[in-house]
Colleague: 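Below is a structure I'd like to ask you about.
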Amino acid sequence: MDSTPDSFLDTAALIRGSMPRPRRLWLWYATLAVVVMILTSIVTAEENPQLQAIVRFLSGLLMFAMVLAMGWFASHTLKQQRREQQRVEAIEELIQLRRWDHAAGMIQAMLSRPTLTMSGRLQALFYLSGVLARYDRFADAIVVHDYLLSHAQFDPITAHGLKLMRAMALLREDHLVDADRAMGELRREAPDSAGLALVEIYRDVKTGHPDEAIEVFKAKSAAIRTQLGHRIADAYILVARAHDVLDQSTEAAAAYENATLLTPVEELLRRYPEVRPLREKYGGAASPREGVQ
Amino acid sequence: MTAENAIARFRRDITLGALLKGALAVGAVLVLLLHFLPLPAAINPSLLLMLLVVVWVVLWYGTMKSSRLAAESSTLIASGMLEQAETQIEQSLRAFSMSRSVKSLGLLNLALLRLAQKRWPDTALLCRELLASRGPMPEHVSKSGRLMLADSLLEMGDLRAAHDALTGLYRHRLSLSESLHLLRVQSDYLAAIGAWGELMRDVENKVSLAEIMPPQHGARLQAILALAAKQTGQAEWANWLRRRVELLVDVRELVATRPLLGQLWET
């Protein structure tokens, strides 16, 4: 990678530089040439029967060359597009495996130049927003979210995920009014979303409304478990903080233990800096995994 | 659409598609050759070639449409919209397509839908048809077909056939989602034959992979690992994994699908 640390994952540059180039016009020129050739051969055949054989022979050669060229071009383009799709899939796998540095490097390399397809570009930008959030660059992540939501049409599930990520990033950046508006929109679209419940719990903990956070958790814990799986640890750690604020140390300790049973403490503290005071107060669940508590 | 109907249509379309592609290729070569032969002025080979191109473009448009339907239906299945997926898959299977890969993808999606609907014999039948069909097949279709075949055979209690289906996969390079699926099916198989020691091998890595699986699958894998830990006397692992499972799923529902796991909660 030749980029300096300052320009690493420069969102504006990546959004600008990754736009696919417009398709070349030579395909239209080739089609025009074929039409001209056909018309010429018809006119020649009518006007000068002696020249007809020569024109037909030459147009035959040209046709043959064009068929070969178009076949090669189609196969070449398909191979390049497949390679780009494989790179996007590799980025997705690296993110799933939490190999953030590798994923960031691949995204930087892919979006630094025009992509071949718009779908590949949008997928890579989607993953870029996730990596930026992981690096605590929430303002940059919001820029990418806004760009994607205003410039692309996603299926409802992906669009919902993107809006959730944006709402969480807004909360992390303390843009509470914008976050509240984003949550209102999410509530209208998918009131039963477990992701939305998690964002609401975080908002309540962050703004000092522990009772509301506990209420939301009680009402939505079954949905959070079914829809978010291991990420229920996030809800447990936030609820632990809510109980702690209310001086309910028994409940706080139980929720803290549940959270740390599912996810390492360090990871939870990274995601939600507001829960740091819990670490000194409560003992996390012991893990048989090496080096994990 | 029944599995038998889908298979009959798949076979018919594959044959028809191959014949049509062959006819178009032969036609194109013949028309090209016509350019070099002395012909009456009324016959213009360039015009004939254009006509062939138009026919090819029209057929390819249908193929692309069918391909889009097939691609969308897998997303619908993943998001649990099974009825919509059923309609879409049926449309994709009924639509004509010149491409063998598109037809295979349609049949694979139907197998995936039947797996989600827990219709194991149909899934096995469709996967067997895919794996038995001659000619080039996209690698991901054959790998997914094999994984689903092993999965459905395990559910039907045919351990030997499930083992054979799994064995064929070790020769392939798998993507992350395929590796996760393989780990899940393999663990089910090892638990069914009581290979507890083998299950506990590289347990830390298996737990990490379980964490990125869909919630139900991840919880079931951890429950199987907890049982393996219990059977091999590793109480700390057994206890830790069992408590995680209790936080992730409804234990009664889990035991209803895998009665063997009931041993974890016996007093």
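So that the names make sense, note that chain A is the first sequence line, chain B the second, and so on, each numbered from 1.
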Colleague: Relative to chain A, which segment of Gln222(B) carries a heavy atom at a distance below 4.5 Å: side chain, backbone, both, or neither?
Modeller: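 Only the side chain of Gln222(B) comes within 4.5 Å of chain A.
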Colleague: For Arg121(A) and Glu84(A), run salt bridge (charged side-chain N to carboxylate O under 4.0 Å, His left out): C-alpha distance rounded to whole Å, both residues' side-chain angles, the deciding distance at 0.1 Å, then the answer.
Modeller: CA-CA 9 Å; Arg121(A) 174 176 180 261; Glu84(A) 185 171 277; over 6 Å; no
Colleague: Working to the nearest 0.5 Å, report the span between CZ of Arg201(B) and NZ of Lys206(B).
Modeller: 8.0 Å
Colleague: Need one label for Glu246(B): side chain, backbone, both or neither, based on atoms under 4.5 Å from any heavy atom in chain A.
Modeller: backbone
Colleague: Please classify the contact of Asp250(B) with chain A as side chain, backbone, both or neither, using a heavy-atom distance under 4.5 Å.
Modeller: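 It is both, since atoms from each part get that close.
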Colleague: What part of Leu262(A) is in contact with chain B, defined as an atom under 4.5 angstrom from a non-hydrogen atom: side chain, backbone, both or neither?
Modeller: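 Contact with chain B is through both the backbone and side chain of Leu262(A).
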Colleague: Would you mind checking which part of Arg231(A) comes under 4.5 Å of any heavy atom in chain B, side chain (CB onward), backbone (N, CA, C, O), both or neither?
Modeller: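 Arg231(A) has no heavy atom closer than 4.5 Å to chain B.
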Colleague: Show the numbers, then the answer: is there a salt bridge (charged side-chain N to carboxylate O under 4.0 Å, His left out) between Lys163(A) and Glu189(A)?
Modeller: CA-CA 11 Å; Lys163(A) 286 175 187 171; Glu189(A) 286 175 7; 2.6 Å; yes
Colleague: Using the benzene-type ring in the case of Trp, are the ring centres of Tyr202(A) and Tyr272(A) under 6.0 Å apart?
Modeller: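 Yes, they do, as the ring centres are separated by less than 6.0 Å.
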Colleague: Sort Gln227(A) into side chain, backbone, both or neither according to what part of it lies under 4.5 angstrom from a heavy atom of chain B.
Modeller: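 Only the backbone of Gln227(A) comes within 4.5 Å of chain B.
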Colleague: Check the angle between the aromatic planes of Trp60(B) and Trp56(B) and answer parallel, tilted or perpendicular using the 30° and 60° thresholds.
Modeller: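 Correct class here is parallel.
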Colleague: Need one label for Gln86(A): side chain, backbone, both or neither, based on atoms under 4.5 Å from any heavy atom in chain B.
Modeller: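 Neither part.
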Colleague: Quick check on the interface: out of Val207(B), Leu33(B), Val31(B), Val203(B), who has the most heavy-atom pairs with chain A under 4.5 Å?
Modeller: Val207(B)
Colleague: Quick one, Glu266(A) with Arg270(A), criterion salt bridge (charged side-chain N to carboxylate O under 4.0 Å, His left out). Give me CA distance, side-chain angles, the key distance, then yes/no.
Modeller: CA-CA 6 Å; Glu266(A) 287 306 329; Arg270(A) 191 199 60 75; over 6 Å; no
